[in-house]
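I have placed the structure first, in the form of structure tokens, so that the comments after it can refer back to it.
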Amino acid sequence: MTDTSFPPLVDAAWLKNRLGNSAIVVLDVRTPPTGGFVPGAVHSDYATAGWRTTVGGGAGMLPEPAVLEGLIGGLGIRNGDHVVLVAAGANASDMGNATRVYWTFKTLGHDAVSILDGGFAGWIAAGGPVKPLPADRKPVAYTAHPRPGLRATLEEVEAAVAAGTTPLHDARSAEQFAGKAKSPQARAAGTIPGAVNLDIAALFSADEHRFAPADTVKALAAQAGLPLADQPITFCNTGHLASVSWFALSEVAGVPGVRLYDGSMSEWSADPARPLQSAE
């Protein structure tokens with residue numbers, strides 16, 4: 001779990017009461033944005049702005065700190081700003097736009113970051129005001145203070161598989177986990193040996209515009225057979241869905257030491273020599 005000085009989730013009422021606060025930057029990461037914007041929000045398209053990159057076999061890798069410094073500073077976000085992230089709120093996968101960017105800020109040592117629970121859909125449902133266009137902010141210098149402990153590298157995952165003692169969480173669908181379906185980003189079907197499956201769909205309710213509470217997250221992990229000790233590693237195909245489970249486990253449920261493997265199946269399966277596991 002990371003620094004808890006700032007709430008990982010804020011609701012529409014919280015944000016309404018703080019619109020115009022110069023220390024808060026609302027960052028809309030929808031792809032694409034439709035229906036307007038939270039007043040004062042800046043927009044950065046999650047899919048195209050450069051929040052993820054391709055490195056070797058990994059299709060959704062964390063960019064280098066210098067690249068992210070330019071991206072974030074270019075949005076007018078300062079090191080001391082409290083960033084509130086807005087996704088569309090359509091489903092758990094969509095909330096991954098916000099959770100992946102949240103995790104990115106945390107890996108850069110930026111703890112002043114929260115997610116608008118329910119996303120833009122929740123904002124509209126709560127009667128939040130809307131502006132037709134996003135705001136523009138003057139670019140500033142932004143400095144990263146990298147925190148590598150939130151990220152699992154390929155070498156760490158290989159060591160975890162070899163040891164067999166680190167919980168590995170596959171955040172994809174049951175079909176992909178079982179090897180009955182495959183994402184285009186993965187070379188082959190299957191999962192990382194020793195992994196257990198917890199589909200992220202249950203971690204967010206679009207109807208209620210909220211993430212599952214801590215006790216529900218822990219109960220779902222227990223049902224899936226996922227231990228919450230020994231620094232669990234969560235993965236998917238490109239580190240997108242896994243960011244939702246990382247957020248739910250680490251930030252909502254307060255599980256210590258959870259790591260996100262951003263290379264995920266796209267990187268792991270790229271080398272045919274690495275083992276894959278499928279349902280019998």
Side-chain angles (χ1 to χ4, degrees), residues 1-2 4 7-9 87 89-100 102-103 106 115 117-119 122 150-152 156-157 160-161 163-183 186 189-262 264-265 268-269 275-280:
M1 186 177 183
T2 61
T4 56
L9 290 167
N91 50 46
S93 177
D94 170 79
M95 290 301 292
N97 288 30
T99 57
R100 176 59 190 256
Y102 177 104
W103 173 81
K106 290 286 186 172
I115 291 173
D117 206 0
L150 302 182
R151 183 189 191 194
E156 288 171 336
V157 177
V161 171
T165 55
T166 300
L168 296 169
H169 167 225
D170 188 334
R172 301 175 301 163
S173 67
E175 290 75 19
Q176 290 193 9
F177 172 74
K180 298 176 181 178
K182 184 184 77 67
S183 165
T191 191
I192 297 175
V196 298
N197 180 231
L198 170 58
D199 191 326
I200 66 163
L203 297 176
F204 176 77
S205 171
D207 291 337
E208 298 177 0
H209 306 297
R210 69 180 183 94
F211 266 88
D215 57 350
T216 300
V217 173
K218 291 178 180 178
L220 289 168
Q223 292 169 14
L226 176 67
L228 299 180
D230 302 317
Q231 297 186 306
I233 295 173
T234 182
F235 68 94
C236 53
N237 288 306
T238 64
H240 174 80
L241 301 180
S243 73
V244 179
S245 59
W246 175 87
F247 180 83
L249 292 167
S250 173
E251 308 300 275
V252 175
V255 177
V258 184
R259 292 169 288 166
L260 170 61
Y261 175 33
D262 55 330
S264 286
M265 288 301 296
W268 180 264
S269 68
L276 294 170
Q277 173 182 299
S278 296
E280 295 294 333

By side-chain hydrogen bond (donor to acceptor under 3.5 Å, both in side chains) - contacts of Thr166 (at least two apart): none

Pair up each side-chain donor or acceptor in residues 208-228 with any protein partner under 3.5 Å, not counting sequence neighbours, and list the distances.
residue, atom, partner, partner atom, Å
Glu208, OE1, Arg210, NE, 3.0
Glu208, OE1, Arg210, NH2, 3.2
His209, ND1, Ala206, O, 3.1

Closest contact, heavy atoms only, Leu276 versus Ala189: CD1-O, 3.5 Å

Nearest heavy-atom neighbours spanning Ser278 and Gly179: OG-CA, 4.1 Å

Value rounded to 0.5 Å, distance of CE in Met95 from CG in Asp117: 6.0 Å

CD-CG distance between Gln277 and Leu168, expressed to the nearest 0.5 angstrom: 9.5 Å

Sole residue of Leu203, Val252, Ile200 in side-chain contact (heavy atoms from CB on, under 4.5 Å) with Phe247: Val252

Side chain to side chain contact (heavy atoms under 4.5 Å, CB included) involving Asn197 - partner list, sequence neighbours excluded: Asp170, Ala174, Phe177

Do [X] and [Y] come close enough that some side-chain heavy atom pair is under 4.5 Å?
| X | Y | value |
| --- | --- | --- |
| Tyr102 | Glu251 | yes |
| Val196 | Pro167 | no |
| Asp94 | Phe204 | no |

Show which side-chain atoms of residues 231-241 pair as donor or acceptor with protein atoms under 3.5 Å away, not counting sequence neighbours.
residue, atom, partner, partner atom, Å
Thr234, OG1, His169, ND1, 3.0
Thr234, OG1, Ser245, OG, 2.5
Asn237, OD1, Arg172, NH1, 3.3
Asn237, ND2, Gln176, OE1, 2.8
Thr238, OG1, Arg52, NH1, 2.8
His240, ND1, Tyr46, OH, 2.8
His240, NE2, Ser93, O, 2.7

Worked verdict on Leu150 versus Trp103 for side-chain contact (heavy atoms from CB on, under 4.5 Å): CA-CA 8 Å; Leu150 302 182; Trp103 173 81; 3.8 Å; yes

